[in-house]
Student: 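Provided herewith is a single structure, encoded as structure tokens, for subsequent inquiry.
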Amino acid sequence: MNSESTQLNEASVVVAGAGPVGLWVAAELALAGVPVVVLERAAERSPYSKALGVHPRTIEVLAMRGLARRFLDEGVPVPKWHFGMLESRLDFSALDTPYPFMLAIPQVRTEELLEEHALAKGVRILRGHTVTGLDQDAEHVTLRVTGPEGEYTRTASYVVGADGAGSTVRKAAGIAFPGTDTTSYGYVGEVRLTDPAVVSAHNEHGALISVPVRGGRHRIAGVDAHHNGAADPFTLEALRETAIRVAGSDFGMHDPSWLSRFGNATRVARTYRSGRVLLAGDAAHMHLPAGGVGLNVGVQDAMNLGWRLAAVARGDADSALLDGYHDERHPIGEQLAEHTLAQSALITATTPDGAALRSLLNGLIATVPEFSLALARKLSALDVAYPPAGHPLVGTRVPGLFELLESGRPVLLGTVGEEAAALAAAMGIDVVTGDQPWTTAAAVVVRPDGHVWWASDDADDAEVMTALRGLGVTFAAVGRGGTPA
């Protein structure tokens, strides 16, 4: 054991995993003044970008913390995106958002930008530190960790498992991971091409899509109808053979930097919270990487969890606030499983009846704007609304107002009296007066994650004050920018 084993509450929260999800939840905690450390098993960041895109709602999340411009300056807007590799594309330009596109940006760069953000907020990141187990009681979670200097234990008030589909945190907490096993296999290769081409092909042999990525390389991905799941190594020659069968050419591929196969196993954790252990991202849900949504849903998990966990860890809210995280995000994980399984069925639909299904849906996307828009809203996560409580606005996404949420605190919108305004100020909640173009409600409280917490059409001061007290959360202990006031 090394000296770290004696440092009991060096951090109130430990996050396992320094991918986009772990980095975002850690930054949210630090923004709220909560000491946090991230433990990452890999000594260095992976050079491979599993994800290549940031969807509209995730860009809105970034905008709520003042980061969207950094990503927009480096990414490439893609206004049309695919569902299940269908030829007819979804038109994101029709979406009700300032960011009506999928932003093409490699995951490696996304992680770099999010790590810069987290470090600037005071997050400590320890690489080469592997969580191997945990125990929890009514007061703490004790993690067993293997680091560069050997084994040690670390104790925290809460632990967030953002450590991937094979999550050690999830397994150690005894959280079940039900779902379906792999029934088909996909492939991905990043290569150089002597005959570069942007290709989308689908036939009885499988599916293939080719897109340019950084460094003059192309990503070739899809499914091979002739691969039966055998554990043979995936080689450049195997990728060439698949490309020739599906697309009629290997495009002169050479110099591979990444070759991999993956399955369509789909699982969702039974619960996102077990006592003082919480799950987010791939640790909570695994699926075929169809539509490029996994990273995005994970970051949105982290946004929902961050402000809740911060309030509880600071002692400003009852731990019951954390139950709302599972209640709201677990159904989103189930929806994610459903539509990625549906996309898996479409991508692997190489039989005549499968081709008929693809043809039918292609036609609907091309000719029924409402159908295309519904799918676009689903992939973009702009359709996410949490169960309403009372007023129909409660749980809905607030359009715009991103700059008002950069402090990570709620906002009270509407014309309120002096007493309500004073109470809001005492709770650390900003008050913005005047009408809002997106609602006729008299008063609205917007959560730190951009969803409505409470609303009323004819609120008097007493009702507003009751609603504010009902939040059970005080944000006044934290100054702007995440430093203790």
Side-chain angles (χ1 to χ4, degrees), residues 20-21 49-63 68 71 75-107 110 186 200 202 207 209 211 219 221-223 264 266 268 281-282 284-304 329 331-349 357-358 361-362 364-366 368-386 396-397 399 450-451:
V21 178
S49 292
K50 294 181 180 179
L52 290 179
V54 178
H55 282 291
R57 181 54 178 168
T58 306
I59 306 176
E60 291 186 350
V61 166
L62 296 170
F71 283 77
V76 177
V78 180
K80 292 185 182 293
W81 193 236
H82 74 89
F83 183 87
M85 293 181 69
L86 292 170
E87 290 79 6
S88 296
R89 294 298 196 247
L90 307 179
D91 184 7
F92 276 23
S93 67
L95 293 170
D96 177 23
T97 175
Y99 315 106
F101 44 78
M102 190 281 292
L103 187 70
I105 183 170
Q107 180 174 332
T110 292
S200 179
H202 192 284
I209 189 169
V211 295
R219 173 169 292 187
V223 296
N264 67 338
T266 302
V268 180
D282 289 349
H285 38 73
M286 67 177 292
H287 53 89
L288 184 77
V293 294
L295 179 154
N296 293 271
V297 175
V299 170
Q300 293 153 29
D301 288 342
M303 189 66 160
N304 187 295
R329 294 305 297 178
I332 304 304
E334 296 282 4
Q335 293 170 26
L336 171 67
E338 179 183 60
H339 79 71
T340 52
L341 279 172
Q343 291 188 74
S344 175
L346 289 170
I347 294 169
T348 58
L357 175 62
R358 289 179 59 87
L361 294 180
N362 268 316
L364 289 174
I365 290 173
V368 184
E370 295 84 358
F371 181 70
S372 175
L373 183 59
L375 290 178
R377 287 182 60 81
K378 184 171 292 293
L379 286 193
S380 66
L382 296 179
D383 69 343
V384 170
Y386 303 125
T396 62
R397 156 186 162 267
H451 287 261

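The analysis underlying the following values was restricted to heavy atoms, covering all of them including side chains, and did not include hydrogens, waters or symmetry mates.
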Student: Between Asn296 (side chain) and His55 (backbone), is there a donor-acceptor pair under 3.5 Å?
Tutor: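 Pair found, side chain donor or acceptor close to backbone of His55.
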
Student: Is there a side-chain contact between Asp282 and Val21 (heavy atoms, below 4.5 Å)?
Tutor: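 Answer no - side chains too far apart.
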
Student: Taking side chain as C-beta onward, heavy atoms only, is Asp301 less than 4.5 Å from His285?
Tutor: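 Side chain of Asp301 against side chain of His285, heavy atoms only: contact under 4.5 Å found.
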
Student: Measure from the side-chain N and O atoms of Trp81 to the backbone N and O of Gly291, and report whether any donor-acceptor pair falls under 3.5 Å.
Tutor: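 Checking the backbone N and O of Gly291 against the side chain of Trp81, a donor-acceptor pair under 3.5 Å is found.
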
Student: Just so I know, are the side chains of Arg329 and Val384 near enough to count as touching, which here means a heavy-atom distance under 4.5 Å?
Tutor: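 Yes - at least one pair of side-chain heavy atoms lies under 4.5 Å apart.
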
Student: Taking all non-hydrogen atoms of both residues, which atom of Lys50 and which atom of Arg219 are closest, and how far apart?
Tutor: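 Taking every non-hydrogen atom into account, O-NH1, 3.2 Å.
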
Student: Which atom names give the shortest non-hydrogen contact between Pro56 and Thr97, and what distance separates them?
Tutor: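 So the minimum-distance heavy-atom pair works out to CB-CG2, 4.2 Å.
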
Student: For Ile347 and Leu288, what are the C-alpha separation, side-chain angles and deciding distance, and is it a side-chain contact (heavy atoms from CB on, under 4.5 Å)?
Tutor: CA-CA 11 Å; Ile347 294 169; Leu288 184 77; 4.1 Å; yes

Student: Do Leu95 and Leu373 come within less than 4.5 Å of each other through their side chains, counting heavy atoms only?
Tutor: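 Yes, close enough: below the 4.5 Å cut-off.
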
Student: Does the side chain of Phe83 reach to within under 4.5 Å of the side chain of Leu379, using non-hydrogen atoms?
Tutor: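 Yes, at least one pair of side-chain atoms sits under 4.5 Å.
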
Student: Taking the side chain as C-beta and beyond, is there a heavy-atom pair between Glu60 and Pro98 under 4.5 Å?
Tutor: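 They are in contact (side-chain heavy atoms under 4.5 Å apart), so the answer is yes.
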
Student: Can any side-chain N or O of Arg377 pair as donor or acceptor with the backbone N or O of Leu382 at less than 3.5 Å?
Tutor: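 Yes.
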
Student: Closest approach of Leu52 and Ser49, non-hydrogen atoms and distance?
Tutor: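 Of all heavy-atom pairs spanning Leu52 and Ser49, the closest is CD2-CB, 4.1 Å.
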
Student: Once you round to the nearest 0.5 Å, how far does CZ of Phe71 lie from CG of Leu62?
Tutor: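 The CG atom of Leu62 is 5.0 Å from CZ of Phe71, to the nearest 0.5 Å.
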
Student: Are side-chain heavy atoms of Leu341 and His287 found at a separation under 4.5 Å?
Tutor: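 Leu341 does not reach His287 side chain to side chain.
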
Student: Hey, could you give me the NE2/CD1 distance between His82 and Ile365, rounded to the nearest 0.5 Å?
Tutor: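 So the gap between those two atoms works out to 11.0 Å.
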
Student: Which atom names give the shortest non-hydrogen contact between Gly186 and Val223, and what distance separates them?
Tutor: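 Distance-wise, the nearest heavy atoms are CA-CG1, 4.0 Å.
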
Student: If I take atom CZ from residue Arg89 and atom OG from residue Ser372, how far apart are they, to the nearest 0.5 angstrom?
Tutor: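 Reported value, rounded in 0.5 Å steps: 11.5 Å.
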
Student: Donor-acceptor pair, distance only, cut-off 3.5 Å: does the side chain of Arg358 make one with the backbone of Gly84?
Tutor: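 It does hold such a pair.
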
Student: Search all heavy atoms of Ala337 against all heavy atoms of Thr266 and return the closest pair with its distance.
Tutor: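 Looking at all heavy atoms of both residues, the shortest contact is CB-CG2, 3.5 Å.
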
Student: Using 30° and 60° as the class limits, which term best fits the ring planes of Tyr99 and Phe101: parallel, tilted or perpendicular?
Tutor: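 Tyr99 vs Phe101 ring planes: perpendicular.
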
Student: Can you name the closest pair of heavy atoms from Leu346 and His202 and give their distance?
Tutor: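 Nearest pair, atom of Leu346 first, then His202: O-NE2, 3.5 Å.
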
Student: Is Glu87 atom CD crowded by more than 12 heavy atoms from other residues, nucleotides or ligands, each under 6.0 Å away?
Tutor: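 Enclosed.
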
Student: Working to the nearest 0.5 Å, report the span between CE of Met102 and CG of Leu90.
Tutor: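 With rounding to 0.5 Å, CE (Met102) is 11.5 Å from CG (Leu90).
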
Student: Is a side-chain donor-acceptor pair under 3.5 Å present for Gln343 with His339?
Tutor: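 Side-chain D/A pair, His339 to Gln343: present.
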
